[in-house]
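Just so it is clear, the values below take in all heavy atoms, side chains as well, and ignore hydrogens, waters and symmetry mates. What you see is a predicted model, and the numbers here were worked out from it, not measured in a lab. Each chain gets a letter, A, B and so on, in the order its sequence line appears, and its residues count up from 1.
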Amino acid sequence: MGSEMNSRFDFKTLEPKIYEKWEKSGFFNPDNLVKKGIIKKDAKPFSIMLPPPNVTGILHMGSALMLVIEDIMIRFQRMRGRKTLWLPGTDHAAIATEAKVAKHLWDKEHKSKHDLDRESFLKRIDQFVEENRNTMLVQMRAIGASLDWSRLAFTLDEARNLAVRTAFKRMYDDGLIYRGTRVVNWDPRGHTTVSDDEVEHEEREAILYTFRYSKDFPISIATTRPETKLGDTAVAVHPDDTRYKKYVGRTYEISFAGEPLTIKVVSDRKIDPKFGTGALGVTPAHSMIDAEIAEKNNIPIKQVIDEQARMLVGGDGIKGEKVAVAREAVLGWIRKDNLLEKEEKISQNISVSQRTGAVIEPLPKLQWFIDVNKNFNVEHSTLKGIRANQKTTLKKIMQTAVRSKDIEILPHRFNKIYFHWIDNLRDWCISRQLWYGHQIPVWYRGDDVYCGVTPPKGPGWKQDPDVLDTWFSAALWTFSTLGWPKKTKDLETFHPTDVLETGYDIIFFWVARMILMSGYLLGEVPFRTVYLHGIVRDEQRRKISKSLGNNIDPLDMIELYGTDAVRMSLIAGTMPGGDSKISEDKIRGYRNFTTKIWNASRFVLMNYDEELKAKPSYTKSDKAHLAQLERLKKKITADLEDFKFHQAGETLYHYFWHTFADKIIEDSKKRLYGDNPAEKRAAQETLMTILKECLKMLHPFTPFVTEEVWQMVPKSKSEQRMIMVEKW
RNA sequence: GGGCGAUUAGCUCAGUGGUAGAGCGCUUCGUUGACAUCGAAGAGGUCAGAAGUUCGAUACUUCUAUCGCCCACCA
């Protein structure tokens, strides 16, 4: 049989065939494992929900790493006899997808989405998504991911939409979702609100201007945005600041840049007396902290900037102008009236929309929010530290689940980051002024408001035009994929899931919100362990990005070196939460390893003589090798259970190459080529035993080459014909 | 401003309270029979710096330096 083996593993033709064979076997689906008697009916479940990649994207090294780590866990647990489910899906990524299609529409037809009606625009998106989704699914298969395709889900399909409407309705009825006017992050380019987490900070140089509103006003203030001062309704000072104490409580009527202002002087502990003049001009409509100060001191909100970032008030050259133009006009006015006292360059962090790069304009707007601090009654709870019928808050659920060790976050240092985020968490703005996404299940008719899973009966009702933040549906992912709100067998069997494996960059967006939703809706955690991987970087430690042109396409690498090689090189040097590096050299190195597996196997097979019936006479060193193998098995098993994938991978690499191939095989040649049948037999059996065990342990890492070799290896009746389901 | 991480061979990184490790690269040699996508041997390190704990510290503690990351609207 060995003579049929080429000296190289022909991954290009074999890998797709092997994947097809796996898929056809149906063993990716846990139900079939039971049906075909591979595992017991009451086998312990093991489940992972694939973090759904954006439908717009193509597979990059980061998603490849995610798929590989999860596939290693899944294959390992499947071989250990667990009822193993790995459920695939894709994310509709509301804002990202809509922006992409809108750009195509503009580039190709020079039309905006408003030139189409809502329905036609959504049709375009659906088309685009459908095409993209399929290439994405092909790519996931190329990585060798043993996903249960029969359960494929999409965050915007009908089943998930029902889950979203149901969740929304329940939260609405509990008063956890409310509609209100608050200062929110407005993205003037995307023309939508974004949540606090979708805002990034960029350091930029700015000019800090110190001036007075008018000659009659006693206090100087400092600002980098003079045009917003038309919206000032107060000046805040520190209560202990002796310079200003005498003014606190007084109100001034003044005219500033052609705009009448009513300014009240208030005191607030948030003010730093040492910064600027120690006095803050409070602009409640266009600054988050100013809005807080205003609310506390009962100061009116005055909006002076609109959704297009244009001025709503002011004299000539100000009203109707863009903020940048208005700023110069206001400054001109200040200079002319000789009110400017100081101008200095400072470096300042400005808020930028993560998605569009536009400078965020805080605006007061009527939006939907999730209240994270409101008390409610939990109906059912298996969470440690929260009993059924106990009053709690969403924030407390998120905190308790991790603090009580119901959920373990790996590596542990992310615990601190997680808690810090929750401590500072404000209400989550969930409405988006987009067309693509889950439309908010609320209808209006005059002053009537109706929230329901299905539309209200009767004429004249109009649904809220906004859609939900894409993370709202993503937050339901661990159970919406299993059929919730229906009480399904899957939900009962596979929830809570065992592991959530994802990148550390979405711990807030996603991990925390899943804990919130699962805790609230099911009274249980969404997963037991969170394993966070890092960012894949290039040789120079740079992030891989299109603009840098340093993108190494995983599919190109698979084409050149095979999937097994790409998988190994992604795993090597991957600590939990640590960034890893990838380079073509590294992949080439691991391609050599797959060749090594192939050739060592070829040697063992070529020298294994099934006709030789001699009773083997094992030597001391045979026994030592087998004992060493047992120790190795224990170590690899422990490492994999312990999420030390790189450790296990490297240990196997080293053992297989430098112990098994270089030493054990080399030392056995004398006996293999000699003419003592008992010795020959012992050598053959020893090598075969070690080979088979190595194939099994290597299978989660390099599934293709090990599966191909397994097909050729002599197997006993109790052994599976496919290594994928062979006992660990 | 607050928090976190990193610093070990030329490069990329493991690791441990007791003689410093791997891969790649480099040098020399070998190999026509599993594999040149190979094998053997070798050069190469004050384990960032300082102090402390210890019989002993690369590892534990503290401080310092440099780099990186996250959080935060000093207006």
Side-chain angles (χ1 to χ4, degrees), chain A residues 2-3 5-9 183 185 196-197 199-201 206 208-210 221-226 228-229 232 235-236 270-283 286-293 346-351 360 362 411 413-421 423-424 504-505 507-508 534-535 537-543 561-562 565 569 572-575 577-583 585-586 588-607 644 646-647 649-651 653-654 657-658 661-663 665-666 669 672-673 687:
Chain A
S3 57
M5 287 175 81
N6 197 292
S7 75
R8 293 175 197 188
F9 174 57
V183 177
N185 304 298
D196 295 344
D197 302 284
V199 175
E200 283 174 350
H201 302 279
L208 183 67
Y209 303 96
T210 306
I221 54 154
T223 185
T224 53
R225 297 194 59 188
T228 64
K229 298 292 100 182
D232 282 14
V235 163
K270 279 222 170 103
I271 306 301
D272 177 3
K274 287 193 230 52
F275 186 86
T277 62
L280 168 70
V282 182
T283 322
H286 303 290
S287 159
M288 297 285 188
I289 52 157
D290 290 16
E292 278 173 34
I293 292 171
I346 58 162
S347 87
Q348 183 197 217
N349 278 323
I350 57 151
S351 304
I360 292 294
R413 66 185 149 90
F414 284 99
N415 276 306
K416 219 175 191 172
I417 297 173
Y418 176 83
F419 287 127
H420 180 260
W421 180 79
D423 290 343
N424 295 298
Y504 65 69
D505 48 335
I507 180 167
F508 308 132
I535 295 167
R537 294 169 184 276
D538 73 356
E539 287 156 289
Q540 283 124 62
R541 259 178 161 260
R542 299 176 304 182
K543 261 191 188 181
Y561 303 108
S569 50
T574 308
M575 294 288 288
D579 293 352
S580 52
K581 267 156 248 120
I582 189 103
S583 66
D585 277 345
K586 194 172 169 184
R588 196 179 295 122
Y590 283 105
R591 188 269 322 264
N592 296 353
F593 179 57
T594 59
T595 308
K596 192 56 149 179
I597 297 175
W598 183 252
N599 278 298
S601 304
R602 186 156 75 114
F603 177 84
V604 174
L605 283 164
M606 267 166 40
N607 290 286
K644 293 177 180 162
H646 75 286
Q647 192 95 299
E650 278 161 29
T651 305
Y653 173 95
H654 201 261
W657 198 321
H658 301 297
D662 289 348
K663 302 229 161 61
I665 288 185
E666 287 307 319
K669 282 182 176 170
L672 286 176
Y673 300 148
L687 292 183

Separation of the C1' atoms in B:rU28 and B:rC67, to the nearest angstrom: 38 Å

field: Pairwise C1' distance, B:rU8 and B:rU53 [rounded to whole Å]
entry: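 These two C1' atoms come out 23 Å apart once rounded.
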
- request: Just need the stems in RNA chain B: three or more back-to-back Watson-Crick or G-U pairs, each with both distances under 3.5 angstrom, sorted by first number.
  value: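 Looking at RNA chain B, the stems formed by three or more consecutive pairs are B:1-7 with B:65-71, B:10-13 with B:21-24, B:26-30 with B:38-42, B:48-52 with B:60-64.
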
Measure from the side-chain heavy atoms of [X] and tell me the nearest of [options].
X: A:K669; options: B:rA14, B:rC71, B:rA34; value: B:rA34
X: A:Y673; options: B:rG33, B:rG23, B:rG39; value: B:rG33
X: A:F275; options: B:rA34, B:rC70, B:rC74; value: B:rC74
X: A:N349; options: B:rA14, B:rA72, B:rC35; value: B:rA72

Touch check for [X], heavy atoms < 4.0 angstrom, all strands: base, sugar-phosphate only, or nothing?
X: A:R413; answer: sugar-phosphate
X: A:K416; answer: sugar-phosphate
X: A:H658; answer: sugar-phosphate
X: A:N424; answer: nothing
X: A:S287; answer: base
X: A:A236; answer: nothing
X: A:K644; answer: nothing
X: A:R8; answer: base

query: Starting at the 5' end of RNA chain B and moving along, which residue's nearest nucleotide shows up first, A:H654 or A:A222?
result: A:H654

message: On RNA chain B, does the nearest nucleotide to A:Q647 precede the nearest nucleotide to A:E666 from the 5' side, or the other way round? Give the residue.
response: A:Q647

field: Derivation and outcome, side-chain contact (heavy atoms from CB on, under 4.5 Å), residues A:I293 and A:L280
entry: CA-CA 10 Å; A:I293 292 171; A:L280 168 70; 3.9 Å; yes

- prompt: Rounded to the Å, how far apart are A:F419 CZ and B:rA72 P?
  reply: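 In whole Å, B:rA72 P and A:F419 CZ are 18 Å from each other.
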
message: The criterion is ring-ring contact (aromatic ring centres under 6.0 Å, His included); which residues satisfy it with A:Y561, sequence neighbours excluded?
response: none

task: Tell me, with the steps shown, if A:F603 and A:K669 meet side-chain contact (heavy atoms from CB on, under 4.5 Å).
output: CA-CA 10 Å; A:F603 177 84; A:K669 282 182 176 170; 3.8 Å; yes

